[in-house]
Amino acid sequence: MILLTIFSCEKNPAEDSRLFGSWRVEYIDGKRYAGERREITFAEDQSFGGWLKNSEGFFEVEKGQWRVLPTKDGNEILVSWSDKNGTEIERKLNLGRFLEDRWHPPYRTVKYRKNAENTD
């Protein structure tokens with residue numbers, strides 16, 4: 001019973017404010033991205049929107065949901081949204097120095113860097 005409680009506890013998303021705000025594409029497969037500015041934004045209400053990439057190129061998610069997965073380090077983020085056909089799609093992102101998106105196959109990686117906070 002106690003073990004079930006420990007493993008079922010989810011980290012409160014408000015505890016990890018590192019995710020909140022806008023992130024821009026910095027690297028694709030280890031190479032600096034120099035194309036059109038692509039961003040993804042995460043809000044405290046657990047919504048997100050912006051640009052993700054798949055094998056066909058970038059695509060825009062207008063509105064989706066995110067949550068922190070209950071992992072040992074709390075750095076795994078599950079994002080979900082519905083595509084234009086109404087199919088629910090989920091993808092796991094890793095939150096560290098960068099926000100990293102990997103998809104398969106073949107394994108491809110997009111790294112997002114958090115935009116600097118506005119100091120005006």
Side-chain angles (χ1 to χ4, degrees):
M1 182 74 166
I2 292 175
L3 285 177
L4 290 175
T5 303
I6 291 172
F7 288 117
S8 67
C9 290
E10 278 192 43
K11 188 173 182 179
N12 181 344
E15 292 174 8
D16 202 341
S17 61
R18 297 179 301 155
L19 184 63
F20 304 151
S22 293
W23 298 72
R24 71 179 184 285
V25 173
E26 184 84 8
Y27 297 98
I28 297 177
D29 296 329
K31 297 177 185 167
R32 187 171 292 278
Y33 174 71
E36 184 178 338
R37 187 174 183 108
R38 304 287 187 182
E39 294 183 341
I40 189 168
T41 302
F42 294 87
E44 292 181 44
D45 68 357
Q46 292 186 280
S47 66
F48 85 98
W51 294 91
L52 292 171
K53 190 172 185 316
N54 61 20
S55 58
E56 297 174 16
F58 283 100
F59 63 94
E60 187 172 18
V61 174
E62 290 185 26
K63 182 143 181 140
Q65 297 296 313
W66 65 268
R67 66 183 173 101
V68 176
L69 293 175
T71 60
K72 185 176 178 180
D73 58 10
N75 288 339
E76 202 164 88
I77 311 300
L78 181 70
V79 293
S80 61
W81 68 94
S82 295
D83 70 8
K84 61 185 174 193
N85 299 321
T87 303
E88 185 74 15
I89 300 172
E90 292 183 338
R91 193 181 278 189
K92 291 179 185 174
L93 308 177
N94 187 283
L95 180 60
R97 181 171 170 224
F98 292 92
L99 180 65
E100 187 173 299
D101 181 13
R102 292 185 68 197
W103 68 95
H104 60 80
Y107 284 102
R108 308 291 304 261
T109 304
V110 174
K111 289 185 177 180
Y112 296 83
R113 180 182 300 274
K114 188 155 190 187
N115 289 332
E117 298 297 323
N118 188 351
T119 56
D120 293 341

Just jot down the side chain to side chain donor-acceptor pair (under 3.5 Å) partners of Arg102, sequence neighbours excluded, or say none.
none
Which residues satisfy the side chain to side chain donor-acceptor pair (under 3.5 Å) test with Asp83, sequence neighbours excluded?
none
Considering residues at least two apart in sequence or located in another chain, which fulfil the side chain to side chain donor-acceptor pair (under 3.5 Å) criterion with Thr109?
none
Could you see if Leu52 belongs to whatever hydrophobic cluster contains Trp103? Use Ile, Leu, Val, Met, Phe, Trp, Tyr and a side-chain cutoff under 4.5 Å.
yes
Distance-only check: which donor-acceptor pairs under 3.5 Å involve side-chain atoms of residues 89-98, not counting sequence neighbours?
{"residue": "Arg91", "atom": "NH1", "partner": "Lys53", "partner atom": "O", "Å": "2.9"}
{"residue": "Arg91", "atom": "NH1", "partner": "Asp101", "partner atom": "OD1", "Å": "3.4"}
{"residue": "Arg91", "atom": "NH1", "partner": "Asp101", "partner atom": "OD2", "Å": "2.7"}
{"residue": "Arg91", "atom": "NH2", "partner": "Lys53", "partner atom": "O", "Å": "3.3"}

Quick one: side-chain contact (heavy atoms from CB on, under 4.5 Å) partners of Ser47, sequence neighbours excluded?
Ala43, Asp45, Lys63, Gln65
hydrophobic_cluster_shared for Val61 and Leu19, side chain cutoff 4.5 Å:
yes
By salt bridge (charged side-chain N to carboxylate O under 4.0 Å, His left out), Glu39 pairs with (sequence neighbours left out) Arg37
Is it possible for you to say whether Phe58 and Trp23 belong to one hydrophobic cluster, with membership spreading through side-chain heavy-atom contacts below 4.5 Å?
yes
Given side chain to side chain contact (heavy atoms under 4.5 Å, CB included), test Arg24 with Arg38 step by step and report yes or no.
CA-CA 6 Å; Arg24 71 179 184 285; Arg38 304 287 187 182; over 6 Å; no
Can you tell me if Lys114 uses its side chain to pair, donor with acceptor, with the backbone of Arg18 under 3.5 Å?
yes
Euclidean distance, Ser80 OG relative to Glu88 CD, rounded to 0.5 Å:
4.5 Å
Contacts of Asn54 meeting side chain to side chain donor-acceptor pair (under 3.5 Å) (sequence neighbours excluded), chain-then-number -> none
Going by ring-ring contact (aromatic ring centres under 6.0 Å, His included), name the pairs with one or both residues in residues 70-95, residues two or more places apart or in two chains.
Phe59-Trp81
For the ring pair Tyr112 and Phe42, is the centre-to-centre distance below 6.0 Å?
no
According to side-chain contact (heavy atoms from CB on, under 4.5 Å), who are the partners of Glu62, at least two apart in sequence or on a separate chain?
none
Qualifying residues under ring pair (Phe, Tyr, Trp, His ring centres under 6.0 Å), relative to Trp51, sequence neighbours excluded:
none
Mind checking what makes salt bridge (charged side-chain N to carboxylate O under 4.0 Å, His left out) contact with Glu60, not counting sequence neighbours?
none
